[in-house]
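What you see is a predicted model; the values in this text were computed from it and never measured.
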Amino acid sequence: MSELREFMKSVEGTDALGMKKAACCLTIQRNGSEQGVEAIASVCTLRAALSMYLTDSWVVIDLKFEDDTDPDLVRMTEVCRAYDERMHERCGTGCEGESLVVSVTQLGDYESFLVGIDGAWGLRPAEKEVAV
């Protein structure tokens, strides 16, 4: 578990120059097709600052974008909704062999990454600081 915690520290937030420390990709993929793994829809971002948390069962990944009109955020939302639509409307109880995959890759001198499959997703506005 310590390796996961080290990885989490290495990808969270921004570096000393204000650059994001990780790239995050979200992909709907189909496994087991004749071509192997096939990406149905995918979007990646370098513009979100990551925060990661551990629960008993999950690694929770928060992506913080500058604002709610960021094109990568909009596209990630579209991919998540497309996945939900595929799972519930088009496929009944689920499309055989399809997964929503999240990958996080360290930037800079690092070469490790984290991949999560079939996670839940949700959107919520960032908490805004209120001046008193």
Side-chain angles (χ1 to χ4, degrees):
M1 193 60 88
S2 65
E3 288 181 27
L4 179 56
R5 289 190 191 281
E6 285 294 316
F7 174 80
M8 290 169 57
K9 282 178 58 176
S10 72
V11 297
E12 290 186 319
T14 58
D15 64 16
L17 299 174
M19 303 296 293
K20 308 309 187 268
K21 292 167 104 179
C24 185
C25 296
L26 182 66
T27 304
I28 302 172
Q29 72 180 30
R30 182 179 298 129
N31 301 315
S33 68
E34 293 177 10
Q35 297 82 17
V37 176
E38 172 189 5
I40 296 168
S42 187
V43 60
C44 295
T45 187
L46 297 170
R47 296 196 303 236
L50 272 70
S51 294
M52 298 175 74
Y53 310 92
L54 289 177
T55 70
D56 290 340
S57 304
W58 299 92
V59 174
V60 178
I61 301 170
D62 286 341
L63 302 174
K64 183 178 180 183
F65 290 90
E66 291 294 319
D67 61 53
D68 60 357
T69 62
D70 186 286
D72 290 349
L73 172 60
V74 171
R75 182 71 181 121
M76 283 188 164
T77 304
E78 290 169 355
V79 169
C80 288
R81 289 189 176 139
Y83 178 74
D84 281 352
E85 183 179 310
R86 293 181 71 81
M87 290 296 101
H88 301 293
E89 294 176 11
R90 294 185 186 162
C91 303
T93 59
C95 293
E96 186 74 23
E98 289 191 10
S99 303
L100 184 64
V101 178
V102 177
S103 62
V104 176
T105 306
Q106 294 170 299
L107 300 179
D109 296 334
Y110 306 102
E111 294 184 4
S112 57
F113 60 93
L114 172 74
V115 175
I117 299 176
D118 282 340
W121 68 276
L123 296 173
R124 64 177 178 82
E127 295 178 21
K128 297 189 185 225
E129 293 183 22
V130 178
V132 181

Which value, rounded to the nearest 0.5 Å, describes the distance between [X] atom [atom1] and [Y] atom [atom2]?
X	Y	atom1	atom2	answer
D72	L26	CG	CG	11.0 Å
R5	S10	CZ	OG	14.0 Å
K20	T45	NZ	OG1	8.5 Å
M52	W58	CE	CH2	13.5 Å
M19	L107	CE	CG	8.5 Å
L50	L63	CG	CG	5.0 Å

_Nearest heavy atoms of Y83 and S99, plus distance in Å_ = CE1-C, 3.7 Å
*Considering all heavy atoms of both residues, which atom of Q106 and which atom of F7 are nearest to each other, and what is their separation?*
CG-CE1, 3.5 Å
_Please enumerate all residues that pass side chain to side chain contact (heavy atoms under 4.5 Å, CB included) together with I40, with sequence neighbours excluded._
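Partners of I40 under the side chain to side chain contact (heavy atoms under 4.5 Å, CB included) test: I28, R30, R86, E98.
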*For the cysteines C44 and C25, is the SG separation below 2.5 Å?*
yes
*Steps toward salt bridge (Lys or Arg N to Asp or Glu O under 4.0 Å) verdict (E78, R81)*: CA-CA 5 Å; E78 290 169 355; R81 289 189 176 139; over 6 Å; no
*Within one Ile-Leu-Val-Met-Phe-Trp-Tyr cluster: V104 and L4, side-chain cutoff 4.5 Å*: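 Yes; L4 is reachable from V104 via cluster members.
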*Hey, quick one: are V43 and V74 part of the same hydrophobic cluster, counting side-chain heavy atoms closer than 4.5 Å, chains of contacts allowed?*
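Unlinked, V43 and V74 end up in two clusters.
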*asked:* Once side chain to side chain donor-acceptor pair (under 3.5 Å) is applied, do any residues pair with D67, and if so which ones, sequence neighbours excluded?
replied: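 Per chain and number, D67 pairs via side chain to side chain donor-acceptor pair (under 3.5 Å) with T69.
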